[in-house]
Amino acid sequence: MSQVFVVDTAKRPLDPVHPGRARLLLKEGKAAVYRRFPFTLILKIEIKEPEVQPLRIKLDPGSRACGIAVVNDATGTVVFAAELSHRGQKIKAALDDRRTHRRSRRQRKTRYRKPRFQNRRRKQGWLPPSLESRIANVLTWVKRLSRYAPITAISMELVKFDMQLMENAEISGVEYQQGTLAGFEVRGYLLEKWNRTCAYCSAKDTPLQVEHIIPKGKGGSNRVSNLCLACEPCNIAKGTQDIAIFLKKKPDVLKRIQAQRKAPLKDAAAVNSTRWALFERLKATSLPIECGSGGLTKWNRTRRDLPKTHWLDACNVGTSTPDMLITKDVVPLLITATGHGSRQMCVPDTFGFPKQHKTREKTFQGYMTGDTVTAVTPKGTFHGRIAIRHRPSFRLGKIDIHPKYMRRVHRADGYSYEKGVVVLLPMPEGSGTRTAH
Ligand SMILES: [Zn+2]
């Protein structure tokens with residue numbers, strides 16, 4: 001079960017507790033709500049020397065979403081799980097939009113100026129803003145969770161395939177078959193390399209078998225360069241024939257396979273620049289980092305009979321994964337990066353002409369766009385993220401609500417949280433909510 005984070009009076013992280021225990025602490029007035037997302041309590045009684053069990057934060061960074069899990073290695077308990085959705089595409093779209101508007105404005109107004117599009121330099125290690133935001137999102141959450149839980153180590157999935165393991169594992173004969181860790185790596189690698197199609201007939205969406213291009217009986221090795229994927233009919237038809245004989249009537253297919261088998265998998269599929277950059281920045285947090293490959297994650301997950309989700313993948317990253325992972329009743333918190341709004345003071349229409357101007361203030365009556373509120377109105381109770389206006393009528397979903405009906409439960413922090421996923425504990429009478437930021 002997802003547990004509840006607890007901090008002491010000095011805001012030092014303590015062991016997370018079961019939601020039932022958290023409810024009791026609130027009911028007895030021994031703790032107050034410190035933060036809503038992730039749900040965290042603050043104790044009201046002072047603890048001299050808190051003893052805590054070390055936890056590990058595990059990350060499965062992807063291009064769209066990053067799986068996050070906080071695991072107790074000693075007990076195998078998954079304390080917290082989350083799926084963090086990035087906003088890379090939105091950033092790219094916004095920048096593209098701005099670029100076209102500026103370009104058209106330069107065309108209209110300052111055509112006489114000398115072009116100066118090549119006088120800019122990029123710092124070493126520069127990444128496009130869309131990728132930079134992914135790294136920043138993950139770093140934010142690692143730091144944030146370290147504040148509420150006693151985290152002492154990080155595990156992250158760094159590479160998709162462990163090339164070292166694949167090379168070494170080729171010595172023994174049956175390793176290429178599914179069932180061993182090396183086999184997992186090799187299969188995953190081959191699927192990527194041969195685009196999940198049969199090398200001989202280009203059949204898609206069919207079970208594929210690992211095939212030796214030069215048969216083993218004719219001196220072919222188990223090296224990855226001698227392996228390809230074939231559908232069952234092709235595999236049986238080829239049998240132990242030499243590839244040149246099998247593809248005698250299809251010289252173009254033979255030529256393609258000969259070229260493709262030699263070409264190692266390069267580009268984004270094998271090495272991911274964002275992951276490496278994230279790894280470098282995580283090193284700066286001074287927590288020890290363990291790295292795993294995608295093949296290892298899949299191997300761990302399949303052995304524990306768990307379905308594929310971002311957060312379960314995160315739980316299974318690295319060799320430190322406990323043999324028994326307790327994932328029962330764990331509900332992941334769905335986090336979506338929303339950003340902190342834009343600094344643009346002028347809002348252009350679709351053609352790039354000024355439509356309206358924003359005010360200098362970002363708040364109105366103490367509320368800000370992105371705040372999560374509960375509104376109790378004569379028409380009913382509503383809950384969610386608001387968008388403010390500079391008059392007492394805010395947007396909540398598709399309706400307008402006066403701020404006098406609202407109570408803030410979480411301040412805007414650049415993320416939105418899926419409603420109903422987190423166990424919202426009942427608020428006992430009289431115990432005030434302490435919201436900290
Ligand atoms: Zn085939």
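In each ligand, atom 1 is the first atom listed, and ligand 1 is the first ligand listed. Nothing here was measured: the structure is a model prediction, and the numbers come from that model.
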Can you name the residues that form a salt bridge (Lys or Arg N to Asp or Glu O under 4.0 Å) with K358, not counting sequence neighbours?
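K358 satisfies salt bridge (Lys or Arg N to Asp or Glu O under 4.0 Å) with no other residue.
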
Residue list, salt bridge (Lys or Arg N to Asp or Glu O under 4.0 Å) with D96, at least two apart or on another chain
K92, R99

For the residue pair W141 and Y417, does the interplanar ring angle fall in the parallel (under 30°), tilted (30 to 60°) or perpendicular (over 60°) class?
perpendicular

Whether R389 engages the ring of F394 as a cation-pi pair (distance to the six-membered ring centre under 6.0 angstrom, angle to the ring normal within 45°) should be assessed.
no

If you round to the nearest 0.5 Å, how far is OG1 of T40 from CG of L14?
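If I round to the nearest 0.5 Å, the distance is 11.0 Å.
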
Listing by chain and number, what protein N/O/S atoms are under 2.8 Å from the Zn ion (ligand 1)?
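Under 2.8 Å from the Zn ion (ligand 1) - ignoring waters, which are not counted - the protein N, O or S atoms are C198 SG, C201 SG, C231 SG, C234 SG.
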
Applying side chain to side chain donor-acceptor pair (under 3.5 Å) as the test, list every pair that has at least one member in residues 52-63; sequence neighbours left out.
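For residues 52-63, and leaving out neighbouring residues, the side chain to side chain donor-acceptor pair (under 3.5 Å) pairs sorted by first residue read Q53-N72, R56-D73, R56-S155, R56-S320, K58-T321.
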
